[in-house]
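Counting convention: from 1, in listed order, for ligands and their atoms alike. Every value quoted in this text rests on a predicted model; they were computed, and no experiment measured them.
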Amino acid sequence: MIPYGRQQIDAADIAAVIDTLQSDFLTQGPKVPAFEQAVARQCQARFAVAMNSATSALHLACLALQVGPGDRVWTSPISFVASANCAVYCGADVDFVDVDASTGLMDPAQLAIKLEQAATTNTLPKVLIPVHLAGHSCDMQRIAALCQPYNIRIIEDASHAIGGYYQHRPVGCCQYSDITVFSFHPVKIITSAEGGMALCNDPALDNQLRLLRSHGITRDAADMTEASHGPWYYQQIGLGFNYRITDLQAALGLSQLDRLQQFVHQRIKATELYQQLLQDLPVELPAPAVDGVSAWHLYIVRMHQPAKRLQVFESLRAAGIGVNVHYIPIHTQPYYQKLGFDWGQFPDAEQFYSQIISLPLFAGITPAQQQQVADALRLACSEL
Ligand SMILES: *Cc1c(COP(=O)(O)O)cnc(C)c1O
């Protein structure tokens with residue numbers, strides 16, 4: 001089976017992990033801040049806080065922005081469930097902004113209408129979480145301009161997008177957001193096995209994220225409410241979690257980061273080849289990113305005939321092509337239906353969902369594998 005995505009591990013990655021295994025620190029050592037500083041530098045952000053997953057980073061990003069019961073958080077229905085769950089963890093109410101049915105990205109025009117309506121009914125969100133689906137940045141300048149009059153804070157779910165650019169600056173620089181979150185799950189652009197990171201430019205947010213990552217405990221006298229009892233002293237000043245990443249993972253992530261540009265370049269090259277191989281098939285190919293460079297986490301094609309999607313999907317799987325679907329609209333998940341959502345609420349997301357298939361795309365995919373994917377898709381379409 002050619003998977004839809006997979007990691008690329010080389011000898012340097014293996015050596016980096018072994019080195020750390022033989023060092024004094026398996027966790028809470030020097031590799032974590034080294035990884036954080038390297039990602040912050042790469043992305044032109046002041047601060048980066050590494051965690052055990054992007055899900056954890058999204059949760060703490062919401063908490064750092066003081067999302068709590070009674071607050072509203074809006075995200076995209078076309079995402080992994082973690083983009084919405086993070087708000088539910090905080091006791092907030094989730095809602096969704098429909099997408100552009102041709103890209104699956106949050107639609108600024110629909111955001112504008114929804115904000116106007118929410119302003120009249122006093123139901124504006126505290127935080128908006130746009131999702132950079134497939135590695136393409138959302139139209140952040142417009143989204144930020146729409147949120148600014150209402151003082152809505154923004155978390156970019158950039159789980160797919162490390163290595164991408166928007167308006168000539170790296171995704172993660174937080175020019176149009178408060179916090180940006182990356183995922184380092186093995187299918188993503190670079191991996192630390194499990195792992196995530198939250199980037200920001202505000203020292204107070206950085207401090208909050210660090211506190212929340214490790215039990216709400218501080219060793220910084222400036223944050224303490226009474227004088228230190230001695231060198232052993234720490235204070236728990238809030239309720240935090242253990243969302244720390246290990247040094248083994250950070251060592252892997254740091255080693256992978258060296259090849260970030262190479263990985264994205266390989267992904268871009270692979271999309272160019274798909275463009276040639278697939279151009280005459282009855283599928284809509286993904287458009288390039290608007291106003292930037294996509295990190296190309298996913299290659300999502302749209303069937304002209306949604307009714308045939310299942311048959312084509314099954315035919316591709318039977319041919320050993322590990323296709324997938326990104327994503328089932330979050331509002332249609334049973335858990336979200338129990339919260340009151342239902343089919344029909346976000347029609348563009350539902351239309352997008354009905355058409356899409358993610359073809360295999362990863363840094364190490366070979367032209368021969370891509371030819372195999374194209375041949376299988378051609379055959380599947382001809383059987384319709
Ligand atoms: C992968 C992913 C997440 C969750 O990432 P983890 O690191 O697995 O927790 C969140 N949002 C999106 C859009 C993702 O693709």
Side-chain angles (χ1 to χ4, degrees), residues 3-7 35-36 39 48-63 73-90 94 96-97 99 103-106 127-138 140 154-164 171-172 177 179-199 209 212-213 241-246 249-250 252-253 256-257 267 289 294-300 324-331 333 335-336 349 352-353 356 358 361-362:
Y4 85 84
R6 64 156 293 149
Q7 70 278 12
F35 185 33
E36 291 174 336
V39 172
V49 183
M51 295 182 216
N52 56 3
S53 71
T55 303
S56 299
L58 286 165
H59 180 197
L60 298 194
C62 286
L63 288 178
V73 173
W74 293 359
T75 186
S76 168
I78 296 294
S79 186
F80 185 55
V81 290
S83 306
N85 290 349
C86 58
V88 182
Y89 296 154
C90 304
V94 173
F96 302 93
V97 180
V99 299
T103 63
L105 296 171
M106 183 179 284
V127 168
L128 181 77
I129 310 181
V131 178
H132 301 329
L133 184 72
H136 295 36
S137 175
C138 294
M140 289 310 300
I154 298 176
I155 300 168
E156 294 175 70
D157 184 343
S159 292
H160 300 179
I162 191 170
V171 171
S177 64
I179 299 174
T180 300
V181 169
F182 293 133
S183 171
F184 307 126
H185 182 277
V187 296
K188 306 289 166 72
I189 308 292
I190 62 168
T191 191
S192 58
E194 294 279 0
M197 208 175 279
L199 286 75
L209 290 165
L212 288 164
R213 171 176 66 178
F241 302 83
N242 180 353
Y243 282 173
R244 294 186 306 258
I245 193 169
T246 66
Q249 292 167 299
L252 176 56
Q256 289 255 306
L257 189 66
R267 286 172 176 274
S294 177
W296 285 106
H297 167 52
L298 298 171
Y299 195 80
I300 302 175
N324 220 312
V325 167
H326 298 95
Y327 289 92
I328 305 159
I330 300 173
H331 68 281
Q333 293 289 353
Y335 178 80
Y336 283 89
F352 183 74
Y353 170 58
I356 52 176
S358 299
L361 179 64
F362 44 92

Asker: Starting from atom 10 (C) of ligand 1, what is the nearest protein heavy atom, named by residue and atom, and what distance separates them?
Answerer: Ser159 OG, 3.4 Å

Asker: Could you find the nearest protein heavy atom to atom 15 (O) of ligand 1 and give me its residue, atom name and distance?
Answerer: His160 NE2, 2.6 Å

Asker: Closer than 4.0 Å to some heavy atom of Lys188 - which atoms of ligand 1 meet that?
Answerer: 1 (C), 2 (C), 3 (C), 5 (O), 14 (C), 15 (O)

Asker: Does Leu298 offer a backbone N or O that forms a donor-acceptor pair with the side chain of Ser358 under 3.5 Å?
Answerer: no

Asker: Check Tyr327 against ligand 1 and report side chain, backbone, both or neither, counting heavy atoms closer than 4.0 Å.
Answerer: side chain

Asker: With ring-ring contact (aromatic ring centres under 6.0 Å, His included) as the test, pick out the partner of His297 among His132, His160, His136.
Answerer: His160

Asker: By number and element, which atoms of ligand 1 are closer than 4.0 Å to a non-hydrogen atom of Ser53?
Answerer: 7 (O), 9 (O)

Asker: Could you give the distance from OG (Ser79) to CG (Asn85), rounded to the nearest 0.5 Å?
Answerer: 10.0 Å

Asker: Pull out every atom of ligand 1 sitting under 4.0 Å from any heavy atom of Gly195, numbered as shown with elements.
Answerer: 7 (O)

Asker: For the residue pair Val99 and Pro77, what are the closest heavy atoms and their distance?
Answerer: CG1-CD, 4.1 Å

Asker: Please check if the side chain of Glu36 supplies one atom and the backbone of Ala50 the other of a donor-acceptor pair under 3.5 Å.
Answerer: yes

Asker: Is the shortest distance from a heavy atom of Ser79 to ligand 1 less than 4.0 Å?
Answerer: yes

Asker: Please name the pair of heavy atoms, one in Ala289 and one in Ser294, separated by the smallest distance, quoted to 0.1 Å.
Answerer: CB-N, 3.8 Å

Asker: Just checking, any donor-acceptor pair under 3.5 angstrom between side chains of Ser192 and Gln249?
Answerer: no

Asker: Is there a heavy atom of Ala57 sitting under 4.0 angstrom from any atom of ligand 1?
Answerer: no

Asker: Quick check, are the ring centers of Phe184 and Phe35 under 6.0 angstrom apart?
Answerer: yes

Asker: Is the contact between Ala54 and ligand 1 made by the side chain, the backbone, both, or neither, using heavy atoms and a 4.0 Å cut-off?
Answerer: both

Asker: Taking 4.0 angstrom as the limit and counting only heavy atoms of Thr55, give me the atoms of ligand 1 inside it, by number and element.
Answerer: 4 (C), 6 (P), 9 (O)

Asker: Please state which protein non-hydrogen atom is closest to atom 11 (N) of ligand 1 and give its distance, to 0.1 Å?
Answerer: Asp157 OD2, 2.8 Å

Asker: Just going by heavy-atom distances, which of Ser183, Ser83, Pro186 is nearest to atom 7 (O) of ligand 1?
Answerer: Ser183

